[in-house]
Amino acid sequence: MTSTILLQAGGAGGGLMGFLPMILIIVVFYFFMIRPQMKKAKDHKKYIEELKVNDRVVTTAGIHGRIVEVSETTFLVDVGGGVKIRFDKSAISLDASKALNTASPKA
C-alpha cells in the first residue's frame with residue numbers, strides 16, 4: 001500500500017518534468033529565432049520610413065540608384081542614364097543600402 005502512494009506522488013512530479021524540455025525548447029527558439037527576426041523587421045520598417053529624396057539605395061534585386069520621388073507605397077529610383085524605375089518600398093534592402101551609404105560619401 002505504501003509503495004502505491006509513493007508511485008502516485010512521483011508520477012505527479014514526473015509530469016512537470018516531462019514538459020520542462022519542451023518549455024526550454026520554446027524559450028530558446030523565441031530568443032534565438034523569433035525575437036531577432038522581429039527586431040530586424042522593425043529596423044527595416046523604420047529605415048524605409050526615414051528614406052527621402054536623393055538618398056542612395058540598393059534594391060533586393062541588387063539595383064543601385066538614387067530616390068527621386070517618394071509616394072505612400074513606392075519609390076521612384078533613378079538608376080542612371082535618365083532611367084527611372086518605380087519600386088515597392090519593401091524592395092529596398094536595408095543591409096545593402098546602409099553599406100552603400102557608409103562605404104562611400106553621398107555625392
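Side-chain atoms are counted along with the backbone in the values below, which use heavy atoms only and exclude waters and symmetry mates.
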Got a second to check how far [X]'s [atom1] is from [Y]'s [atom2], nearest 0.5 Å?
| X | Y | atom1 | atom2 | value |
| --- | --- | --- | --- | --- |
| D78 | I85 | CG | CD1 | 9.5 Å |
| L100 | H64 | CG | NE2 | 6.5 Å |
| T74 | F87 | OG1 | CZ | 11.0 Å |
| H44 | E49 | NE2 | CD | 11.0 Å |
| T60 | L94 | OG1 | CG | 12.0 Å |

For the residue pair [X] and [Y], establish whether any side-chain heavy-atom pair is separated by less than 4.5 Å.
| X | Y | answer |
| --- | --- | --- |
| L76 | I67 | no |
| L51 | I92 | yes |
| V77 | V79 | yes |
| F75 | K89 | yes |
| F31 | P36 | no |
| V68 | K84 | yes |

Closer than 3.5 angstrom, by distance alone: can the side chain of R66 be matched with the main-chain N or O of D55 as a donor-acceptor pair?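 Side chain of R66 to backbone of D55, a donor-acceptor pair under 3.5 Å: no, none is there.
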Using the rule that Ile, Leu, Val, Met, Phe, Trp and Tyr join whenever any side-chain heavy atoms are under 4.5 Å apart, tell me whether V27 and Y30 fall into a single cluster.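 Linked within one cluster.
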Verify the cluster assignment for M17 and I25: are they in a single hydrophobic cluster under the rule of side-chain heavy atoms below 4.5 Å apart?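 No.
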Looking only at heavy atoms, what is the nearest atom pair of S97 and V58, with distance? OG-N, 2.9 Å
Between D95 and S93, does the side-chain hydrogen bond (donor to acceptor under 3.5 Å, both in side chains) criterion hold? Intermediate values first, please. CA-CA 6 Å; D95 298 330; S93 172; 5.7 Å; no
More than 12 non-hydrogen atoms from neighbouring residues, nucleotides or ligands closer than 6.0 Å to CZ on R35, yes or no?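 No, not enclosed.
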Identified salt bridge (Lys or Arg N to Asp or Glu O under 4.0 Å) counterpart of D43 within the set K39, K40, K46, K45: K39
